[in-house]
Amino acid sequence: MKVLCVAEKPSIAKEVSKILSGGSFSVRNSNNKYIKYFDFKYNFPQLGLCDVTMTAVLGHVTNFDFGPQFGWNSCPPGRLFAAPISTMVSHQDVYKNLSIEGRNASKLMIWTDCDREGEYIGFEILETARKNNSRLTLENTWRAQFSHLEKNHILQASRNPIQLDINSVRAVECRMEVDLRCGISFTRFLTDLYKGQSLIGEKEVISYGTCQFPTLGFVVDRYIRVKNFVPEPFWYIIVDIKKNDQKVGFLWVKGHFFDRAYVTLLYQKALKSPNGKIVSLTKRPTSNWRPLPLTTVDLQKDASRIFKMSAKRALDAAEKLYNKGFVSYPRTETDRFPAAMNLKDVIERQTSSNKWGSYAKELLELKFRSPRSGSHDDKAHPPIHPVKYAELTQLNGDEKTIYEYIVRRFLACCSDDAKGEQTTATLKWGDELFTANGLMVLARNYLDIYIYNKWESSKQLPPLEQGEEVNITNAKMKDGKTSPPLHMTESELIALMDANGIGTDATIAEHIEKIHSRNYVTKIKQGNVEYILPTDLGMGLIAGFDEMDFVDNISLSKPFLRKNLEIGLQEIVEGRKTRQQVASEMVELYKNAFVLCNQNSGNLVQKYLEIRNRNVQ
DNA sequence: GCAAGGTC
C-alpha cells in the first residue's frame, strides 16, 4: 500500500520523514529544486506496513483570479464585485509533483500547518492529487494533527489522523474572495482616476487593499494627532527633605491639575506647616519579569526598537537562519513552549559559545526555570528558539544580530525573574501626601543574559522612620505642559496592526513595505529613532476616503471592516455562517462604498490636491 | 500594472 504524505514546506517534510522512518529513508529530486521526495516504510496501525513517500508544497499551490475577459481595460472595475472567480495554478512545478506522485497512492495524508491557511493548502493538495486518482476523496484523506516537531508528538499525530476541516477551507475561500474583489476593483479605479488627471506617473499604481489601507490609516491618524496637538499647561507641587546630608525629592500623590488657582490654594495651605511627617515606610519585594517566549511580532518589534532594523529585514534574517537550520520556524504567534519540549537540550547546545556558554552551563547546573506561558497559541508552530549552535563568525551582519538576540531571549526565558526590593516613603505635609521610592536590585538573574533590558538600582533612601518629623528644605509649586504624542515608529505600527488583526505574523512586514514602496509613507530619522510619516499622497488618499459619507458609517481607512471579516471567518469555521453569507455581506459593504467613490470621484481627488497645494505654498 | 495569504 502506498501512502503519499504532503507537508506545507520542505523543512517539515524532512523532519517528519526522519522521525517516521527512524532515520532510514531515501531521497529523490522533484520538479522543484527546494522540494524532495523522501521514501521509506512505515507501519500505520490502520493499514499495516506501507510504502510512504513524503514531500511538500511551498505554501499555496493555486490562487483565485478573474477570467481573461475581466482584465484591466476589458471591463469597468465595478464589475469585479460580481464577476466569476476561477482557481488558477500558481506553481506549475509543484502542481505537477502532486499529480505525478498522487497517481498511484492509495492514501493521501496531509501534514500542512494546523492553522486556517494550512487547512486550505491541504485542500489544494487533495484537489490536485485526485485529478489523476479517483480513489482519493475528502472522506478517506487523512489529516495529521501536530503543532511542533517533537518526536513523540509526531508519532502520535501519525497514528491518530483526523479529516480536513471543510469549514476552515470555506473560511479561507471567503477571505480570498473578499480580498480579491475589493483589492483589484479599488486598485484599478484609483489608479485610473489619478492617472487620468496626470497625478501619478505612467508606471505608478495606486493600490488599495483591505490590509494596506488600515495600515496607512494608522500612520495618518498619528500624524494628524501630532500636528493638531495643543499643549495644555498644568501645575503641581514638589517637596524636598534632607536627612544625613542627603537630599530626597518627593512627588505629589495627586499628580498634577490643570487648574492653577486650585493648586495654589492647596500649596498655600500646606505652606503653613513648617515640617512634614513620614507617615509610612514600606519595603516590599519586587520583580522585573523575564520575557515571554518569542513570537514573530515580538521579534520584529524588538528588532526595530533595539537594532533599528526594519520588520522586513528582521524576518528576512530570521528566515535565512531557519533555512540554515540554526533557529526554529520564524513565523509563529505562539508564546508558550509545548509541555513535552526538551528545553534543556536546546540550552545544552549553546554551552560551547564563549559569549553565553558559561551562562547556559549555569542554567543547566543550577538556575534553570520553566519559561512563562503566554496566552497565544497558533496550534502550528512553537515559539522561535535556537536549534543548532552557530559560531557568530559563520553569520553575516543581520543574521548575527538576530541569532544572538534569539539565543539570549531563549536563555532569558529559561532564567529566573530579576529580584529587587522597593522602599517607599510617604510624607505628609499639611494635608498633602508625597512619596519617594528607592529600588535595590538584589538578583539580576535573566538581566545578565538579556542585555537589552535595563533595570538598575536607584539611589537608596536615607534611613527614615515611621512617624519621624522632617524638615522641609524645599517646597515648590511648579508648572509644566502636556507634550504631543511622538510620530509613529515601526515597532508601534506592528503592535497596532497585530492588536487590530491587520495582516498576519507572516505578512505584517510586507504591508508596511507595500505602503512605503507605493509612496504613501516615508521614513525619516530623528536622532537615533526612525519615524514613519505619511506623504501628501498617503494623506490625500485617507482624507479623500474619510470625506465620503458611506452607508452604515463604514470606513475604508480604519481596521474595523477587516476585523468584521475576521469575525465572519470565525463564524464560518464554527459552522454558524456559510462562505456565501459572509462573502456577500462583506462584498456588499465594499461595493456600496465603491459606487459612492465613483459618483464622487472629483471630491476624492480634490482632497489630495488641497493637501498637496497647501504644502507647496 | 491590481489583493492577501502561504513559502524560497
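Remember, it's a predicted structure, so these values are computed and weren't measured experimentally. Quick note: numbers below take in every heavy atom, side chains included, and nothing from hydrogens, waters or symmetry partners. Naming: A, B, ... by sequence-line order, numbering from 1 per chain.
Sorted by first then second residue, the side-chain hydrogen bond (donor to acceptor under 3.5 Å, both in side chains) pairs that include residues 549-566 of chain A, not counting sequence neighbours, are A:Arg116-A:Glu566, A:Asp179-A:Arg562, A:Thr210-A:Arg562, A:Asp546-A:Ser557, A:Ser555-A:Ser557. Among residue pairs with one or both ends in residues 321-336 of chain A, those qualifying as salt bridge (Lys or Arg N to Asp or Glu O under 4.0 Å) are A:Glu319-A:Arg331, A:Lys324-A:Glu399; sequence neighbours excluded.
Contacts of A:Lys577 classified as salt bridge (Lys or Arg N to Asp or Glu O under 4.0 Å), with partners at least two apart in sequence or in another chain: A:Glu571, A:Glu585. With sequence neighbours left out, A:Glu177 forms a salt bridge (Lys or Arg N to Asp or Glu O under 4.0 Å) with A:Arg181, A:Arg579. Listed by chain and residue number, A:Asn140 satisfy the side chain to side chain donor-acceptor pair (under 3.5 Å) test with A:Thr137 (two or more places apart in sequence, or in another chain).
The distance from atom CG of A:Asn31 to atom P of B:dC8 is 17 Å, rounded to the nearest whole Å.
Nucleic acid contact class of A:Pro77 (heavy atoms, under 4.0 Å, all strands): none.
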- request: If a protein heavy atom is under 4.0 Å from the base, mark B; if only from the sugar-phosphate, S; if neither, -; do that for nucleotides 1-6 of chain B going 5' to 3'.
  value: BBBBBB
